[in-house]
Amino acid sequence: MAMPGVSAGVEQMLREMREGVPEGRVPARIFNDREIYELELERVFGKAWCFLAHESEIPRPGDYVTRYIGNNNIIVARDEKGEIHAHLNMCRHRGNMMCKSEMGNASHFRCSYHGWVYKNSGELIGVPYFNEAYERKLQRKDWGLVKVRIDSYGGLIFGTLDPDAESLADYLGGFQFYLDIYLKQGLGGSEVHGPPDHWVAETDWKICAENFSGDGYHTPVAHQFGFHLGYFASSGATHSKGWAVHIPGKGHGIGLGHTPGMPPFFGYPDELVKQMHESLSPGQLELFSKTRTAVGNVFPNLSFLIQPLSLEPGDPGVRFCTMRLYHPVGPGRMEMWSWCLVPKDAPQEYKEAAYKAYTLAFGQAGTFEQDDFENWIKVTKMTGSTLARGVDFPYIQGLDREPLKDFPGPGYAVEPYVTEDNFRNLWSTWVRYMMEGE
Ligand code: FES
Ligand SMILES: [Fe+2]
């Protein structure tokens with residue numbers, strides 16, 4: 001049966017991809033194509049749970065940020081009672097953008113066109129010339145801002161445009177276990193350090209999502225300059241040791257790289273390590289204490305990375321954490337949003353050092369960020385060409401590998417972490433969304 005609203009060419013590509021991914025083949029075309037981009041807005045970003053904000057970005061009543069799910073601009077605000085709400089940033093009178101700044105504090109939003117006023121919890125409370133113009137017939141309660149369903153885990157606020165979507169807990173499907181390495185850095189959890197950087201890049205969000213699902217394979221090549229400069233004193237040549245884990249059918253994946261012989265929780269201050277013995281479960285402690293680099297992606301487009309970075313040559317390294325969102329803004333085009341996450345309870349000195357390490361590595365001008373984008377932009381350019389449309393890429397690493405038995409965490413885990421299991425799971429999830437679960 002034909003897929004409604006999809007051209008015959010893309011439909012055939014998706015059907016072939018569904019068969020091809022489990023055998024280790026992914027078509028080049030998905031990385032830069034207008035029709036695929038438009039279909040993704042409907043079928044991926046219109047259905048999935050998408051990251052909106054971290055609770056620590058809006059700590060006080062009235063705090064708000066404006067964010068995106070697909071092409072929908074959304075106000076995420078904490079009301080006067082402390083409850084968090086998300087609404088489409090569009091006036092219900094004629095569609096004007098309600099809130100034009102990216103962050104701030106306001107109890108109300110007043111439209112700059114005809115002056116309708118909404119509470120930060122979304123209710124319409126003010127209509128100019130209510131008696132004269134509407135003769136009191138307008139029911140204010142029916143014209144509040146369009147609500148977006150939200151839920152949170154560990155301080156991360158997600159939203160979905162699909163009223164029938166499964167719960168966030170089911171959607172994450174056990175990946176919470178691994179997210180805790182980023183979100184439970186100490187008893188107080190994690191918080192953002194400063195506002196996010198964001199910038200437009202000529203690359204497709206999926207290339208980044210795949211890379212952060214655990215591409216340990218590119219590190220010694222793409223980031224070799226960092227090795228030469230001594231930024232990775234604790235890594236040496238052992239980058240491939242560790243585990244790759246994914247949640248089958250959910251699309252989430254993580255690579256946990258370790259360096260044998262490295263002290264547990266290397267690069268954190270001692271007092272924080274003590275706290276982590278309480279904030280993490282025994283299974284998490286077993287894995288995370290050995291982990292040097294944790295690079296993971298929550299389907300579709302929210303990623304994290306933790307690793308130690310040496311601020312001085314020979315220095316063993318300070319551990320930093322970045323959270324990043326790949327917001328699609330066109331075929332082969334995205335806006336990168338990048339945050340630094342720090343343990344809330346850590347000494348200020350450590351937070352500053354971690355922020356410095358993050359900035360050097362994964363801030364807008366960070367050395368690793370530059371290395372990655374140089375490649376991702378070229379991948380996007382090349383995969384958008386006419387001849388590339390019929391070309392597949394091999395995704396066969398680890399195809400015959402058995403999952404580890406008795407692994408302390410949930411999901412499908414393999415060793416070592418240079419493998420493509422996580423990517424096959426990512427692409428089979430993506431293609432299922434694109435085919436609307438057909
Ligand atoms: S568009 Fe907002 S009040 Fe008219
Ligand atoms: Fe990279």
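Order of appearance sets the numbers: ligands from 1, and atoms from 1 within every ligand.
Residue pairs meeting the salt bridge (Lys or Arg N to Asp or Glu O under 4.0 Å) criterion with at least one member in residues 199-210, sequence neighbours excluded: Glu40-Lys206, Glu202-Arg333, Asp204-Lys206.
Under the 4.0 Å criterion applied to side-chain N and carboxylate O atoms, Glu352 and Lys356 are not assigned as salt-bridge partners.
Judged by distance alone, with hydrogens and angles left aside, the side-chain atoms of Tyr171 form a donor-acceptor pair with the main-chain N or O of Phe299 at under 3.5 Å.
Using cut-offs of 30° and 60° for the angle between ring planes, the Phe31 and Phe393 rings count as tilted. His327 and Tyr68 have parallel rings, their planes meeting at less than 30° on a 0 to 90° scale where 60° marks the start of perpendicular.
Neighbouring protein atoms of atom 4 (Fe) of ligand 1 (N, O or S, distance under 2.8 Å, waters ignored): His93 ND1, His114 ND1.
A side-chain donor from one of Ser112 and Lys100 sits under 3.5 Å from a side-chain acceptor of the other.
The Fe ion (ligand 2) sits nearest to atom OD1 when only the N, O or S atoms of Asp372 are considered.
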